[in-house]
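Structure first, then comments.
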2 protein chains.
Amino acid sequence: MANGVMAEKKAPARGEERANGRARGIDRVIALMEHLHRLRTPTRIADIARDTGTPRSTVYELVNTLVEARWLELRDDDGTVYFGPAMHYYGSDYLDSVDLIRKARVEVAHLAEMSGETSQFCMLEGDKYLVVLNEPGRRMFRISSEIGIKVPIPWTASGRLLVDHLKPDEILSFIPDEDFLLPDGRRIARDEFLHDIGQARENGYVRTTALVDRFTTCLAAPVRDASRQCIATICFVIPADTGEAEQKSMIDLLIASAEKLSVPR
Amino acid sequence: MANGVMAEKKAPARGEERANGRARGIDRVIALMEHLHRLRTPTRIADIARDTGTPRSTVYELVNTLVEARWLELRDDDGTVYFGPAMHYYGSDYLDSVDLIRKARVEVAHLAEMSGETSQFCMLEGDKYLVVLNEPGRRMFRISSEIGIKVPIPWTASGRLLVDHLKPDEILSFIPDEDFLLPDGRRIARDEFLHDIGQARENGYVRTTALVDRFTTCLAAPVRDASRQCIATICFVIPADTGEAEQKSMIDLLIASAEKLSVPR
DNA sequence: GAATGTTGTCCGAAATATCGGACTTGCCGT
DNA sequence: ACGGCAAGTCCGATATTTCGGACAACATTC
């Protein structure tokens, strides 16, 4: 295998499995795009075929079609493909069409510019947390964006705000058990997690340190809808050794921005 | 017709026309997405069917699939569909994967924040100009983004830089005749256009006023590759009555940013 | 330089996705 | 209340797309 890509799941087409291997082109394409998004790197066609369980001849056929439409681009001359400009155009149309996100973009950009630190706008999708907007700061100590990548709720500061409308037992049944296990093997205690959530609601913000990454602190503030439910968060991702005074003033910035995005009380 | 959408072209599937109306699902989907991007507004399914020349039952079937994959979203409860979050995720992956664009994002954001005015990053696609990145200023006097929308080269300030590696006769044969006709019916004189281009190359920037829009001025500076060819531009879109001193300092900002994005001489 | 593996193209067969049209439901104006 | 129109669902037939496998062109290894 010339590329370090591992088969992830031998994705079974999409939706329901079909008895024989045959699938619609559109379902193959959806699987292909999801696969590229998971890998987040230009990928060779043969690897796509293997890892998505799509016949090789079919992938070649579809990739040709998609490259022509600029949904995909051939990269580097090393026979890899990745997303093309059309995805950016359609994605921009989406961002502009959603009121809250359009406003959040201004806030996130402003926060990142003001502070020089990475600022994000996050929401839930199902029982997972994900980054919707990411504005790298001047420091930019994390290069690869994680936009649209699902992450377990307990791994994140924002997650502690996004479930704060649920009762403790609802929270624990909402979040899958395995999501309390951090990537480094540590396990987040359920009662501590619930305690954090109560604390966060009281404070109007949340801070976590060294959760996913040993040297990173996250600061987050809640964006609330008319019913005071937290529908999104806005946050900073900063080095853990940032001074307390600086952190305090960043929290104030966050709360002000979050307030602007929230439906007025 | 309950919606003000006009049939644009009765799009003939994609690629080559097929004798009978039958087409692949993937080609139908590509036509559908391009259609939404052209309209840039949530659209009813029946209208999509009519305007793309796709059978109604087929569109319903495909839209269901795409909504499930979050490529599309049902909007408003008024039965319209538009792009969904997946497009944003894939589009972000694209932006992050292209070196020049990733760097340009920082510059454009910075310029918009500094000046409070709308800043853009533009490139050619075929013989058309298009906006790749758009950061609205605080003023934000133009709401709808035009990201990924093809515009005739002569209509734009940046266009006068993007063709400056061609000889005069090459330029005139590169740009379609009808592209010299402005939306308001005026026609751009070819020799004036060529003169502008020469001037722009000499100055290292270009300014246009009241081209597409009577009250708008555009300032643009060239991003050049190793062979000194202009491969992109970075620009401001400002009210035409902006003071000269302010414009001058904005031009300096532009040139500095464009220089940073260019391959060093 | 033979053996082995990888990339990309091509082709015919068969399984099936697309399509047309019928049908239901709901809305609107008269 | 009624007729006309649009939205959305459903179903069977058939034109077409997917798929497997063969093949050629290169690259890599021993």
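Just so we're clear, the structure is a prediction, and the values are computed from it rather than from any experiment.
- For the OP1/OP2 pair of C:dC19 and a distance below 4.0 Å, the side-chain nitrogens and oxygens of B:T58 include at least one atom meeting the criterion.
- With rounding to whole Å, B:I26 atom CD1 is found 16 Å from D:dT16 atom C1'.
- In terms of the side chain to side chain donor-acceptor pair (under 3.5 Å) criterion, A:E259 has no residue partners (sequence neighbours excluded).
- Out of D:dT17, D:dC10, C:dT9, the shortest distance to the side chain of B:R24 is found at D:dT17.
- Remark: B:S257 engages B:E107 in a side chain to side chain donor-acceptor pair (under 3.5 Å) (not counting sequence neighbours).
- Closest to the A:S57 side chain, of the nucleotides D:dG21, D:dT18, C:dG8, is D:dG21.
- Per the geometry, CG belonging to A:L62 stands 15 Å off P belonging to C:dG8, to the nearest Å.
- For the pair B:D27 CG and D:dT16 P, the computed distance is 13 Å after rounding to whole Å.
- Residue-to-nucleotide contacts include no donor-acceptor pair under 3.5 Å from the side chain of B:R22 to the base of D:dT16.
- A:E61 and A:R28 are not joined by a salt bridge, as no carboxylate oxygen comes within less than 4.0 angstrom of a charged side-chain nitrogen.
- The separation between B:Y60 atom OH and C:dT18 atom C1' is 17 Å, rounded to whole Å.
- Between the side chain of B:R56 and the base of C:dG20, no donor-acceptor pair under 3.5 Å is found.
- Atom CG of B:N64 is separated from atom C1' of C:dT18 by 15 Å (rounded to the nearest Å).
- The structure places CG of B:L62 at 10.5 Å from CD1 of B:I45, a figure rounded to the nearest 0.5 Å.
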